[in-house]
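Before any comments, here is the structure.
Below, chain A is the first sequence line, B the second, and so on; all start at residue 1.
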Amino acid sequence: MGPRTLRLYILETGVFYLEKKKEELEVDNKNLESYRHTAAHVMAQAVKRLYPGVKLGIGPAIENGFYYDFDLEEKIKPEALPRIEEEMKKIIAEDLPLEKEVLSKEEAYELLQKENEAYKLELLEEMEDGEQVTLFRQGEFFDLCRGPHLESTGKLKAFKLLSVAGAYWRGDERNKMLQRIYGTAFMDRKELKKYLFQLEEAKKRDHRKLGQELDLFSLHEEGPGFPFLHPNGVSIWNELTGYWRQLHQAHGYEEIRTPLILNEELWHQSGHWDNYRENMYFTRIDEDNYAIRPMNCPGGVLIFKSRPHSYREFPMRVAELGLVHRHELSGVLHGLLRVRSFHIDDAHIYMLPHQVTDEVLGVIHLAEEIYNTFGLKYRLELSTRPEKSMGSEEDWDRAEEALAAALKKRGLPYQLNEGDGAFYGPKIDFHIEDCLGRSWQLGTIQLDFQLPQRFNLTYIGSDGEEHQPVLLHRALFGALERFLGILVEHFAGAFPTWLAPLQVRFIPIGEKHQEYALKLCNELKQEGLRADVDDRDEKVGYKIRQAQKEKVPYMLAIGDREMEGGQVSVRHRHKGEAGQLNFARFKESLLQEVREKSLNTFLED
RNA sequence: GCUGGCGUAGCUCAAACGGUAGAGCAGGUGACUUGUAAUCACCAGGUAACCGGUUCGAAUCCGGUCGCCAGCUCCA
């Protein structure tokens, strides 16, 4: 399920709504939904007037607006949107009442046949015979629709068409691609303006833009989907992985490392060849076929199998920060959020059947701890058996129930995402949104009864017999690359001090202050802090501006006044000038802020 | 992969009609010796994504390839 359809699903099912945005916009969702749905009808009417012969797909209200799908030979260019908007304004000026009609399936069929609406007919055919069909009319236009709607087209006040894009009929890539026009509508102009402004603001947080501005990473034609991390990006990366290691060590994990390239035979055994081949890269070594790993598990399993195990060792929590490569379709690549090579903060937990619930709960707990550290808001999904999968019905049911039970035990709300599990097992996913409200999966917890069978994993139980362990795959960051991208957007590039590539910038006022600034800077570096001195021949204002743009948390001005009293003049990137502080006190406070991974500055308001 | 759009200097962007590419920032040099978001001057920077075609002449028109953007499908 893509982000867009997911949002649609969410809206339709009412499972989840983006509280934050709802509040920000201060609108009544229920009415707004029919308002936007009506806007979709008006747009369809306008398109029908301008492009005779167009066939209608569907046109629902969605989270931030609406869309309608059209089947039309002629391409609707973005330049055509203003013309469609003009026609919509005419329809609004005509103030056509929306009239509901109830008719039989047969009557509806005849009506749609006359209009040559092939897609609507297809929808109609799926309805029960003898069922009543509702239809809404406005002027010469009508649409198969449940409603509700506004009473007349004149009630529409503020709308804007935003973009055109292709969309498969019924979301199935085997079907014809229709042309979809996206738009948004609000109760009044101010709300619309505000929304459009927010859209612009959101674009400034885009990790691709900030990633370049802050010199974090880059992407090149020579390796589409294979990100290059710059020193600043690696600096953040190292803090993240350092935190990750410390956390896992504290929670009873061991860490391993396994190869990127393994014999193809292994991937036949694991089931990847049958279920995941399209996403894999292959290579040859001497006369043999090898695969670049798309997942870390088979390699980890080989370590498990390298010696016998006792039930006393369980649960065995084995982590691996593993680089994987997956061939993703070119059209889905997206900055750091969707790439072809990425590091999974993987772990495999081998355990006894009765340990499953506790281990799942333990992982959920760990995930919560991590997300809270960054102040990230997330959403849970439980994904069940997909079409392409392996294993018995009973195994799947057992695994799905185990995951659901853990969620219920914690009392966590979640959304059921049918058919979206991994090919070897169901999963609990942690989802987070990017700056434009697109949902991305980060952490995942996957129960797997297949791999232990396929690789014949065993342990010696208390009865002295061999048994098969249960395997749990899990990732918390998900992909380090994606997590980094999400963090850039979440913090709008202004990373908390513990993560910031540069934590302190010294700004000597004149040449004579440089040496002293350098000395203080080195003192901070001795403590493991990241600091530098801007000793260029520039005015203070210029250097401040530079540091602000780089989003350095602390700027320390050093001049005569500071040199005399052992003080530093502190400026914070968000709070501005913060007056003078004793340097030793500044250092201690800073160290504490970093140690605590604080999301806020130690400076008082 | 599919639909549509886009690709000009490191970055952000210009240049009616097809007439031979320009600015700001960044970079370099010099001057200034700086007190909280841009000191001044000068210099250097482009095989116009790549390949081919039309034309006397292509950044501009056409075709192909690659990449990027939005969406669809798919996914960590």
* Considering only the C1' atoms, how many Å lie between B:C13 and B:A21, rounded to the nearest integer? -> 14 Å
* Structure fact -> A:Arg208 atom CZ is separated from B:C11 atom P, nearest whole Å, by 16 Å
* To do: Write down the distance between CG (A:Leu336) and P (B:C75), rounded to a whole number of angstrom.
  => 21 Å
* So, do A:Phe342 and B:A76 meet the stacking rule of ring centres under 5.5 Å and planes under 30°? -> yes
* To do: Specify the separation, in whole Å, of atom CD of A:Glu515 and atom C1' of B:U33.
  => 17 Å
* Can you tell me how far P of B:U3 sits from CG of A:Leu72, to the nearest Å? -> 16 Å
* **Charged N-O contact under 4.0 Å between A:Arg245 and A:Glu255** => yes
* Interatomic distance at C1', B:U60 relative to B:G7, whole Å -> 14 Å
* Asked: Checking all strands, does A:Lys77 fall into the base, sugar-phosphate, or nothing category for heavy-atom contacts under 4.0 angstrom?
  -> sugar-phosphate
* B:A26 OP1/OP2 closer than 4.0 Å to side-chain N/O of A:Tyr542 -> yes
* Please measure how far the C1' atom in B:C61 lies from the corresponding atom in B:G18, and state the result in whole Å. => 8 Å
* Asked: Is the distance from OP1 or OP2 of B:U3 to the nearest side-chain N or O of A:Lys176 less than 4.0 Å?
  -> no
* Asked: Charged N to carboxylate O under 4.0 angstrom, A:Arg170 versus A:Glu122?
  -> yes
* Asked: Looking only at N and O atoms, is any donor in the side chain of A:Arg340 or the base of B:C75 less than 3.5 Å from an acceptor on the other one?
  -> no
* To do: Could you tell me whether A:Val164 contacts a base, only the sugar-phosphate backbone, or nothing, with contacts defined as non-hydrogen atoms closer than 4.0 Å?
  => nothing
* In whole angstrom, what separates A:Arg545's CZ from B:A37's P? -> 10 Å
* **Distance in Å, A:Ile84 CD1 paired with A:Ile181 CD1, rounded so as to fall on 0.5 Å steps** => 4.0 Å
* Say you pick atom P in B:G5 and the same atom in B:A41; how far apart are they, in whole Å? -> 44 Å
* Asked: Side chain of A:Glu562, base of B:G35: donor and acceptor closer than 3.5 Å?
  -> yes
* Is A:Val324 touching bases, backbone alone, or none of the nucleic acid, heavy atoms closer than 4.0 Å? -> nothing
* To do: Could you state the atom-to-atom distance from CD of A:Glu222 to C1' of B:A49 in whole Å?
  => 11 Å
* Asked: Are the charged groups of A:Lys512 and A:Asp560 less than 4.0 angstrom apart, N to O?
  -> yes
* To do: Have a look at A:Leu178 and say if it touches a base, only the backbone sugar-phosphate, or nothing, with a 4.0 Å heavy-atom cut-off.
  => nothing
* May I ask you to say what A:Asp537 touches in the nucleic acid, namely base, sugar-phosphate or nothing, with a heavy-atom cut-off under 4.0 Å? => base
* Mind checking A:His334 for me? I need base, sugar-phosphate or nothing, with any heavy atom below 4.0 Å counting as a touch. => sugar-phosphate
* Classify the nucleic acid contact of A:Lys388 as base, sugar-phosphate or nothing, counting any heavy atom under 4.0 Å across all strands shown. => nothing
* **Nearest-Å distance once atom P is located in both B:C2 and B:U65** => 10 Å
* Considering only the C1' atoms, how many Å lie between B:A58 and B:G71, rounded to the nearest integer? -> 33 Å
* Structure fact -> Atom CZ of A:Arg174 and atom C1' of B:C74 are separated, to the nearest Å, by 13 Å
* **Any N/O donor-acceptor pair, A:Tyr168 side-chain to B:G1 base, under 3.5 Å** => yes
* Asked: Which is true for A:Ala167 with a 4.0 Å heavy-atom rule: it touches a base, it touches only sugar-phosphate, or it touches nothing?
  -> sugar-phosphate
* Asked: Is A:Ala475 touching bases, backbone alone, or none of the nucleic acid, heavy atoms closer than 4.0 Å?
  -> nothing
* To do: Pick the P atom in B:A59 and in B:A49, then give their distance to the nearest Å.
  => 10 Å
* Asked: Could you give the CD-to-C1' distance, from A:Glu63 to B:G71, as a whole number of Å?
  -> 15 Å
* When the nearest nucleotide of RNA chain B is assigned to A:His327 and to A:Ser163 on a heavy-atom basis, which residue is associated with the more 5' position? -> A:His327
* To do: Could you check whether A:Leu329 gets within reach of a base, just the sugar-phosphate, or nothing at all, counting any heavy atom under 4.0 Å?
  => base
* To do: Enter the distance from A:Ile236:CD1 to A:Thr241:OG1 here, rounded to the nearest 0.5 Å.
  => 11.5 Å
* Which part of the nucleic acid, if any, lies within contact of A:Leu442, taking any heavy atom under 4.0 Å across all strands shown: a base, the sugar-phosphate backbone alone, or nothing? -> sugar-phosphate
* Asked: Does B:A21 have a Watson-Crick or wobble partner in any strand here, with both distances under 3.5 angstrom, and which is it?
  -> none
* Distance between P atoms of B:C68 and B:G53 (Å, rounded) -> 28 Å
* Asked: Taking for each residue the nucleotide of RNA chain B with the nearest heavy atom, is it A:Pro224 or A:Phe477 whose nucleotide lies nearer the 5' end?
  -> A:Pro224
* Structure fact -> Ranking B:C74, B:G1, B:U12 by distance to the side chain of A:Ser330, first place goes to B:G1
* What distance separates A:Arg208 CZ from A:Phe217 CZ, expressed to the nearest 0.5 Å? -> 8.5 Å
* Can you find an N or O donor on one side and an acceptor on the other, under 3.5 Å apart, linking the side chain of A:Asp420 with the base of B:C75? -> no
